[in-house]
Amino acid sequence: MREITFREAIREALDEALRSDAKVFLMGEDIGPLGGAFTVTKGLFDKYGRKRVRNTPISEVAIVGAATGAAMAGLRPITEIMFCDFLPLAGDQIINQAAKMRYMFGGQVKVPLTIRTILGAGLSAAAHHSQSNEALFMHTPGLKLVIPSTPYDAKGLLKTAILDDNPVIYFEHRCLYDSKGPVPENSYSISFGRADVKKEGRDVTLIATAEMVIKSLSVAEELEQEGISVEVIDPRTLNPLDMETIYESVKKTGRVLIVHEAVLTCGPGAEIAARISEEAFDYLDAPVKRLATKDVPIPMAPVLEDFVIPQKEDIKIAIKSLRNF
Amino acid sequence: MREITFREAIREALDEALRSDAKVFLMGEDIGPLGGAFTVTKGLFDKYGRKRVRNTPISEVAIVGAATGAAMAGLRPITEIMFCDFLPLAGDQIINQAAKMRYMFGGQVKVPLTIRTILGAGLSAAAHHSQSNEALFMHTPGLKLVIPSTPYDAKGLLKTAILDDNPVIYFEHRCLYDSKGPVPENSYSISFGRADVKKEGRDVTLIATAEMVIKSLSVAEELEQEGISVEVIDPRTLNPLDMETIYESVKKTGRVLIVHEAVLTCGPGAEIAARISEEAFDYLDAPVKRLATKDVPIPMAPVLEDFVIPQKEDIKIAIKSLRNF
Amino acid sequence: MENKRNFLAGLYASMYKIRRFEQEAVKLFHNKELPGWLHSYIGEEAVAVGVCASLNRDDYITSTHRGHGHCIAKGADLKRMMAELYGKETGYCKGKGGSMHIADFSIGILGANGIVGGGIPIATGTALASQYLEDGRVTVCFFGDGASNQGGFHESLNLASLWKLPVVYVCENNLYAETTPQADHQPIRDIADRAKSYNMPGVIIDGNDVLAVYEETNKAVERARAGRGPTLVECKTYRYRGHWEGDPEVYRTKEEVKEWKKRDPLKKFKKYLLENDIIQSKEISFVEKKIEDEIKDAVKYAQASPPPRPESALEDLYVEQGG
Amino acid sequence: MENKRNFLAGLYASMYKIRRFEQEAVKLFHNKELPGWLHSYIGEEAVAVGVCASLNRDDYITSTHRGHGHCIAKGADLKRMMAELYGKETGYCKGKGGSMHIADFSIGILGANGIVGGGIPIATGTALASQYLEDGRVTVCFFGDGASNQGGFHESLNLASLWKLPVVYVCENNLYAETTPQADHQPIRDIADRAKSYNMPGVIIDGNDVLAVYEETNKAVERARAGRGPTLVECKTYRYRGHWEGDPEVYRTKEEVKEWKKRDPLKKFKKYLLENDIIQSKEISFVEKKIEDEIKDAVKYAQASPPPRPESALEDLYVEQGG
Ligand SMILES: Cc1ncc(C[n+]2csc(CCOP(=O)(O)OP(=O)(O)O)c2C)c(N)n1
Ligand SMILES: Cc1ncc(C[n+]2csc(CCOP(=O)(O)OP(=O)(O)O)c2C)c(N)n1
Ligand SMILES: [Mg+2]
Ligand SMILES: [Mg+2]
């Protein structure tokens with residue numbers, strides 16, 4: 001199969017959606033000629049024009065709110081929020097309006113809105129351009145949350161997000177944009193709520209998201225040499241969250257490590273750990289371990305950033321300590 | 001000891017702070033002559049005047065942002081956000097500015113800001129006036145979080161919040177305002193990070209916050225008659241979070257129920273459950289159970305609202321099932 | 001001529017319907033029949049009615065916490081509204097929304113809103129959709145003087161004017177934001193002046209004069225429909241009752257309320273209709289009687305309706321999809 | 001006279017210092033010596049310098065992602081700035097903040113900000129504190145044309161004018177918000193016009209003329225200090241380099257950049273100083289030389305400084321309290 005980058009995979013999904021459905025349009029800051037801060041939408045402005053690919057003012061409330069309104073009126077807006085760090089500016093429109101609208105109104109309305117946003121650290125961009133705040137939205141019923149780790153998943157899940165009649169937040173890890181992977185030429189989509197076992201294993205279940213999947217896989221391969229067999233599971237969507245696949249794995253391994261780049265406290269791992277501990281209690285041979293970004297804002301200096309973000313070495317140590325529990 | 005209401009306890013704390021420190025002032029919507037939506041600040045406007053008790057426009061960004069700025073410049077602002085449902089409007093100022101500022105700037109500045117806000121359902125006020133969203137802020141390093149359940153705690157913790165040099169969000173459950181309890185006449189304060197064992201017990205550890213503490217205590221008393229001894233722990237502050245007291249209890253009981261009014265997924269209970277499952281694994285005789293508001297916005301009709309919010313009967317059933325695990 | 005007569009009679013009927021619906025709701029609320037909270041629109045009827053008189057059935061409106069008047073003026077069904085106030089299964093939102101969240105998407109009512117200013121970006125978005133789809137619809141966005149200090153107001157008006165969206169922003173300036181007089185929440189008197197910040201027209205109207213409201217907003221609606229962009233319309237008006245039922249009203253005098261009642265929009269318009277021989281007194285009584293009955297029916301319907309099934313609290317969150 | 005001469009020489013020195021600091025930073029960045037991102041202030045020096053010339057050491061400023069110029073004009077130490085760009089322990093923020101978060105609270109620099117518009121409410125708050133404490137300080141709030149479309153701008157200016165706070169809002173209109181030309185992000189040309197929405201004065205200045213900037217903002221600063229409330233000052237200016245280092249600049253022409261370079265604030269002011277015999281060419285060279293040395297020292301200092309201890313990433317989050 002041909003290999004393309006994570007960035008290209010997303011762009012293809014957008015391109016296909018724009019081509020096949022006139023109700024799909026993009027809006028966001030600097031997504032036009034530049035193609036967004038990470039050039040994901042590059043070329044689409046030239047191809048589809050100003051109506052379909054809309055540069056906006058710096059107005060996160062209006063961007064998300066207007067996209068919500070447009071979705072209510074039958075369009076399928078895809079908005080880009082340049083960094084997920086800026087989502088709190090639109091907190092009300094996301095949390096109180098888009099997410100709750102259908103429910104509050106007794107099911108009268110659909111909000112087929114996709115919010116694409118960029119998360120993750122690793123570029124020394126400091127506290128306002130490095131967060132992974134997906135957990136804020138996991139705690140908000142009414143939203144669906146996508147967090148892909150490979151080009152294949154990125155494309156297939158974005159297609160589903162755009163077709164979904166509910167508001168979806170789609171998180172793209174900036175450090176993955178240049179990563180390459182096989183992506184079929186023909187159109188396909190991936191259902192929400194299906195975790196993917198990225199690598200099978202017997203000894204430890206490792207649940208990871210976004211770039212941590214890549215780091216985890218690399219560690220898992222290294223450990224394979226040392227005779228430790230790690231199963232790596234990528235939930236891919238945090239809401240819906242496929243716990244079944246996780247429970248199946250836990251029944252097999254009895255040991256679980258969760259790794260994410262969101263900060264530890266009340267992060268996605270807290271929920272996953274709590275559920276495993278409740279539902280798979282009898283299968284656990286060791287306490288569920290979490291490895292996450294330390295509970296601080298993201299610092300700028302590389303040495304500090306590396307210290308707070310889980311590194312491959314940290315993952316390795318955590319797996320070994322679990323193994324020896 | 002004399003008994004006063006939760007509302008009066010908070011008012012006293014504010015009054016004492018205004019009296020003893022000229023740098024303390026209040027700002028918020030309609031906190032002046034009316035005393036706020038729940039008349040907590042009633043009388044303070046007359047007593048301290050417009051400079052110290054400031055009615056603001058409906059501008060949550062400016063309210064929190066200006067309070068943050070004022071705190072940076074040496075004042076000790078106490079702002080009231082009428083319902084915690086409105087905190088997402090000020091999401092950036094809370095999450096990106098107030099919480100991260102000291103860290104981003106390498107410890108150069110203090111932000112002694114207190115945000116008082118109202119949480120909880122039970123008044124048929126529907127999806128925009130009923131949330132319990134403390135977990136959004138548990139996931140935000142840099143904030144301290146207070147969530148009292150009794151008049152005594154309310155006063156003592158608010159005094160500490162105001163004296164604290166860090167940004168604090170102080171959550172008041174609306175259904176507690178008229179509840180009465182003993183409060184000393186003399187000034188006192190309660191340190192952050194000290195959970196309170198509201199009732200001792202041997203069989204099950206029940207961790208609850210805000211109004212759920214009251215419901216839990218009532219259930220615990222009833223169950224005492226039936227021979228089930230429940231220990232009720234109120235963390236009182238969610239950050240810092242006193243896990244030691246909880247672990248102590250778990251070592252004794254081996255069984256844990258967590259009850260809160262925030263929705264289940266990624267709620268405070270997820271973090272507490274994950275920590276217990278990790279740190280007290282060997283002491284657990286049953287999986288940690290969580291009882292929380294169901295994962296939906298809060299509906300208006302009383303029958304629906306009651307259905308989604310944990311009720312005493314639900315708590316009772318959960319304890320019994322834990323007991324029989 | 002007959003058309004015009006019917007049109008004017010319709011305006012009166014609509015205002016009367018709002019007035020009586022609200023009075024009834026207030027009564028029921030104090031009888032403790034209605035759960036939740038209530039923000040009455042009494043005194044402001046000419047705004048909703050005058051504005052909605054320019055709108056087609058499929059035009060959109062966004063509303064506020066004080067939304068009953070907007071809904072009735074746009075044509076909402078009193079039965080389903082009242083049932084929603086009661087929190088019944090037959091209500092517009094199946095009891096999930098209540099007074100602050102009534103919506104009827106079949107006639108373009110995009111919902112009341114519990115967040116002050118929360119509907120402004122949304123209205124901007126439906127207008128964007130109309131422009132995009134070239135469906136000829138206009139969106140009217142109602143909000144209060146207090147809401148005009150929200151950040152979302154600024155961002156939305158900027159965007160709407162930049163893109164020439166077919167939306168009319170109708171500010172109901174009733175001089176108070178909850179308990180806070182206008183002078184204590186903004187340093188200007190005429191909110192319409194803010195239109196200049198967005199290079200859009202700003203219009204000030206006597207919001208207690210239903211014809212004035214109709215005529216001026218109609219121009220704005222036609223302007224929007226013609227693709228010439230948004231307008232900010234400020235209607236000066238007043239609410240007779242407290243901010244919400246139960247408000248001790250410490251912030252204003254009885255005299256002020258009395259003064260405004262002299263300019264009552266219903267009385268004023270009725271007088272106009274009678275004095276100009278447009279409608280006979282008998283006809284008015286007949287219309288009023290019909291509305292009384294309609295409201296009684298609505299209350300009966302609501303009372304007789306079943307409460308929602310508790311488990312229905314778990315429904316309506318997500319659209320269930322195939323695939 | 002000598003005072004005035006020194007003052008004017010100081011303005012030039014300050015502008016030159018910014019220019020050279022930024023040029024150096026750009027060079028180091030492309031040498032891959034600096035981690036993170038860089039937004040250069042080159043071309044806009046007259047704004048920061050003209051504005052800060054009115055301020056006392058203890059007056060406050062809030063800054064932006066493009067903040068180096070503001071910091072230097074307010075008197076920040078080049079060594080600690082450069083060390084921060086390098087992410088070193090000796091930097092202003094101990095390496096935690098980097099280019100987008102430089103602050104020096106000892107001289108009222110309340111911090112650059114990664115959130116566009118994020119500093120506007122904060123500036124409003126320090127001004128509130130100054131009014132409250134009657135400490136006579138003024139806050140200057142810097143932000144861009146793009147930021148003027150943020151909700152926080154609206155809410156803050158409304159509040160500041162309502163309460164007559166001692167703050168000056170300085171909009172650096174460099175015609176672009178990142179890649180988006182002004183005409184594509186707001187339907188107005190003069191952002192100063194937005195002042196009317198808040199009943200405050202709005203002033204338009206040639207932002208490439210340091211004296212004009214100084215004179216006009218000085219009035220605004222004095223007005224604020226005298227308790228007469230805020231002013232919105234718009235400085236028309238231009239950035240020479242891309243939005244950030246690495247920007248392919250697809251959104252503007254080389255000719256446009258060239259055109260603006262003809263109005264270079266440093267050249268213009270230097271010419272003025274020389275032609276009016278205020279300063280001799282030799283003196284200027286001397287000043288420039290001194291600054292070159294200062295910048296070299298700053299780079300050396302930064303390079304020689306140790307990186308932060310990794311564990312220091314866990315420090316500075318909370319103030320540790322007794323009790
Ligand atoms: C974001 C937000 N802040 C505060 C409130 C509380 N609140 C409800 S209505 C209201 C006053 C609104 O004033 P205005 O916009 O003038 O509308 P009016 O009530 O006068 O019709 C306030 C402060 C709210 N619902 N939402
Ligand atoms: C809230 C927010 N939205 C978007 C961005 C990304 N961003 C950084 S600078 C910038 C442009 C700012 O334009 P302007 O305010 O005119 O300042 P300038 O860069 O021209 O000095 C944008 C969009 C951001 N940092 N914060
Ligand atoms: Mg009002
Ligand atoms: Mg700019």
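Throughout, a chain's letter reflects where its sequence line sits, starting with A, and its residues are numbered from 1.
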pair A/Pro235-A/Ile207: side-chain heavy atoms closer than 4.5 Å: yes

Contact leader toward chain B among A/Gln93, A/Gln97, A/Glu60, where contacts are heavy-atom pairs under 4.5 Å: A/Gln97

Max heavy-atom pair count under 4.5 Å with chain B, selected residue of A/Gly91, A/Gly142, A/Ala90, A/Ala270: A/Ala270

Structural part of A/Ala280 lying under 4.5 Å from a heavy atom of chain B: neither

Contact class of A/Leu284 relative to chain B, heavy atoms under 4.5 angstrom: both

Close approach to chain B in residues 131-141 of chain A, criterion heavy atom under 4.5 Å: A/Gln131, A/Ser132, A/Ala135, A/Leu136, A/Met138, A/His139, A/Pro141

Within-4.5 Å side-chain heavy-atom neighbours: A/Thr237 and A/Lys144: no

Check against side chain to side chain contact (heavy atoms under 4.5 Å, CB included), B/Val64 and B/Leu87: CA-CA 9 Å; B/Val64 174; B/Leu87 292 175; 5.7 Å; no

Within 6.0 angstrom of B/Tyr283 OH, more than 12 heavy atoms from elsewhere: no

Derivation and outcome, side chain to side chain contact (heavy atoms under 4.5 Å, CB included), residues A/Phe83 and A/His128: CA-CA 8 Å; A/Phe83 294 91; A/His128 286 164; over 6 Å; no

A/Val296 versus chain B, the contacting section by heavy-atom distance below 4.5 Å: both

Residues which pass salt bridge (Lys or Arg N to Asp or Glu O under 4.0 Å) with B/Arg290, listed by chain and number, not counting sequence neighbours: A/Glu271

Residue list, salt bridge (Lys or Arg N to Asp or Glu O under 4.0 Å) with B/Asp242, at least two apart or on another chain: none

Chain B-proximal positions within residues 244-269 of chain A [heavy-atom distance under 4.5 Å]: A/Ala262, A/Val263, A/Leu264, A/Thr265, A/Cys266, A/Gly267, A/Pro268

Top contributor to chain A contacts, counting heavy-atom pairs under 4.5 Å, from B/Ala127, B/Ala273, B/Pro297, B/Ala274: B/Pro297

Neighbour count above 12 (heavy atom, 6.0 Å) for A/Lys294 NZ: yes

A/Phe105 side chain near A/Lys100 side chain, heavy-atom distance below 4.5 Å: no

Proximity breakdown for B/Asn239 and chain A, heavy-atom pairs closer than 4.5 Å: neither

Selection from A/Leu241, A/Leu238, A/Asp85, A/Asp92 maximising heavy-atom pairs under 4.5 Å formed with chain B: A/Asp92

Chi angles and distances behind the side chain to side chain contact (heavy atoms under 4.5 Å, CB included) call for A/Phe192, A/Val168: CA-CA 11 Å; A/Phe192 285 180; A/Val168 179; 4.1 Å; yes

Residue, of B/Asn96, B/Ile276, B/Asp295, B/Leu89, that accumulates the most heavy atom pairs under 4.5 Å with chain A: B/Asn96

Side chain to side chain, A/Glu80 and A/Glu29, heavy atoms closer than 4.5 Å: no

Choice from B/Gly106, B/Ala126, B/Pro299, B/Ala99 maximising heavy atom contacts with chain A below 4.5 Å: B/Pro299

